[in-house]
Amino acid sequence: MSDVAAIGPQVGLLLRLAHQRAARTFREALIPLGIDGRLFGVLSALGRLGPSTQARLITELDADKSAMLRTVDDLEQRGLVERQTVPGDRRARIIALTAAGQERLTAAEQTATKASATLFATMDPDELVALRDMLARFVAEGREP
């Protein structure tokens, strides 16, 4: 199709369908671990960043404050994170992975790798790198400074 104006809505639809397929595949893969994508996102961020304030997690994951509170509560109830005091600030808390949280994150990362291999099995490595780079640029352009 040569009409560039018509491509935008097609890309939007394909992005939505791709997200649905990936979310469904990942959700099903995580069931045996007793977590979902929302919990994995926070575990993954903590694994990457180390112990962090809830505010930093909100910024990193572009999350809603009340949703993050519920997510951290869920993770804490499962024994996967703990809230630690911040020296010099009685109100602030650092969220840190527990040993069980680190183990679950490792298992979830392995699960994500397998799920990704299934999702992208029809793409060669160059296509996958190109897709990642285009999506990263697309996402970065939409983020607030």
Side-chain angles (χ1 to χ4, degrees), residues 1-84 86 91-145:
M1 169 177 273
S2 62
D3 184 12
V4 176
I7 293 174
Q10 293 171 0
V11 171
L13 173 61
L14 289 169
L15 284 171
R16 183 175 65 80
L17 294 173
H19 169 74
Q20 288 173 337
R21 178 178 174 215
R24 181 178 56 250
T25 299
F26 195 48
R27 181 176 54 250
E28 291 168 0
L30 288 175
I31 287 171
L33 299 177
I35 61 172
D36 58 24
R38 169 184 63 100
L39 300 178
F40 174 76
V42 174
L43 290 174
S44 182
L46 289 169
R48 188 176 67 255
L49 301 171
S52 302
T53 63
Q54 189 169 300
R56 181 161 186 211
L57 292 171
I58 288 167
T59 300
E60 286 290 323
L61 298 171
D62 194 22
D64 174 77
K65 184 177 180 179
S66 60
M68 182 60 69
L69 178 63
R70 287 189 304 273
T71 301
V72 171
D73 285 347
D74 287 351
L75 289 166
E76 188 175 40
Q77 289 170 358
R78 295 165 196 247
L80 303 177
V81 301
E82 62 184 3
R83 287 179 168 101
Q84 302 170 347
V86 175
R91 296 183 310 152
R93 296 286 182 264
I94 294 287
I95 313 302
L97 290 173
T98 62
Q102 183 60 58
E103 288 175 16
R104 190 76 53 94
L105 173 58
T106 299
E109 288 172 336
Q110 293 169 351
T111 297
T113 299
K114 290 175 189 172
S116 294
T118 299
L119 283 168
F120 303 116
T122 61
M123 292 184 181
D124 67 43
D126 290 338
E127 289 174 319
L128 193 53
V129 168
L131 177 61
R132 182 208 54 206
D133 292 349
M134 286 185 286
L135 289 172
R137 189 175 74 227
F138 177 78
V139 169
E141 289 170 358
R143 290 218 166 177
E144 294 180 16

A.B. asks: Has the side chain of Arg104 got a donor or acceptor atom that lies under 3.5 Å from a matching backbone atom of Leu43?
C.D. replies: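 Answer holds: no.
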A.B. asks: Please find the pair of heavy atoms, one from Ile94 and one from Pro51, that lie closest to each other, and give the distance.
C.D. replies: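 Closest heavy-atom pair between Ile94 and Pro51: CG2-CB, 3.3 Å.
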A.B. asks: Do Arg83 and Asp73 have side chains that get closer than 4.5 Å, going by heavy atoms?
C.D. replies: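 Side chain of Arg83 against side chain of Asp73, heavy atoms only: contact under 4.5 Å found.
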A.B. asks: Please report the interatomic distance CG(Leu131) to CZ(Phe120), rounded to the nearest 0.5 Å.
C.D. replies: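 Result: 6.5 Å between the selected atoms.
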A.B. asks: Quick check: closest heavy atoms across Ala108 and Ile35, and the distance to 0.1 Å?
C.D. replies: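 Looking at all heavy atoms of both residues, the shortest contact is CB-CD1, 3.9 Å.
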A.B. asks: If we only count heavy atoms from C-beta on, is the Gln110 to Thr113 side-chain gap below 4.5 Å?
C.D. replies: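 The answer is no, as the side chains (C-beta and beyond) never meet within the 4.5 Å cut-off.
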A.B. asks: Rounded to the nearest 0.5 Å, how far does CG of Leu128 lie from CE of Met123?
C.D. replies: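 Between Met123 CE and Leu128 CG, I get 6.5 Å after rounding to 0.5 Å.
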A.B. asks: How long is the straight-line distance from NZ of Lys65 back to CZ of Arg70, given to the nearest 0.5 Å?
C.D. replies: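 So the gap between those two atoms works out to 13.0 Å.
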A.B. asks: Using 0.5 Å steps for rounding, measure from the OG1 atom of Thr111 to the CD1 atom of Ile31.
C.D. replies: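 So the gap between those two atoms works out to 11.5 Å.
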A.B. asks: Side chains of Leu97 and Leu80, heavy atoms from C-beta outward: is any pair under 4.5 Å?
C.D. replies: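 Of all side-chain heavy-atom pairs linking Leu80 with Leu97, none is under 4.5 Å.
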A.B. asks: Can you name the nearest heavy-atom pair linking Ala115 to Ala29, along with the distance?
C.D. replies: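 Smallest interatomic distance, heavy atoms only, reads CB-CB, 4.4 Å.
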A.B. asks: How long is the span from the CD atom in Gln10 to the CG atom in Leu15, to the nearest 0.5 Å?
C.D. replies: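 CG of Leu15 is found 12.0 Å from CD of Gln10.
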A.B. asks: Measure the OG1-CE distance between Thr71 and Met68 for me, rounded to the nearest 0.5 Å.
C.D. replies: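 Thr71 atom OG1 to Met68 atom CE measures 6.0 Å (nearest 0.5 Å).
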A.B. asks: Could you tell me whether a side-chain N or O of Glu141 sits under 3.5 Å from a main-chain N or O of Phe138, the two making a donor and an acceptor?
C.D. replies: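 Between the backbone of Phe138 and the side chain of Glu141 there is no qualifying donor-acceptor contact (under 3.5 Å).
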A.B. asks: Can you see which heavy atom on Ile95 is nearest to which on Gln54, and at what distance?
C.D. replies: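 That would be CG1-N, 4.3 Å.
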A.B. asks: For the pair Ser52 (side chain) and Leu57 (backbone), establish whether a donor and an acceptor sit closer than 3.5 Å, ignoring hydrogens and angles.
C.D. replies: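 No; judged by distance alone, with no hydrogens or angles, the pair does not exist.
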A.B. asks: Whether the side chain of Arg27 engages the backbone of Gly37 through a donor-acceptor N/O pair (distance < 3.5 Å, no angle test) should be reported.
C.D. replies: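 Between the backbone of Gly37 and the side chain of Arg27 there is no qualifying donor-acceptor contact (under 3.5 Å).
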A.B. asks: Identify the heavy atoms of Thr118 and Arg21 that sit nearest to each other, and give their distance.
C.D. replies: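 So the two residues come closest at O-NH2, 4.3 Å.
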A.B. asks: Is any side-chain heavy atom of Thr53 less than 4.5 Å from a side-chain heavy atom of Arg93?
C.D. replies: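 No, too far: nothing below the 4.5 Å cut-off.
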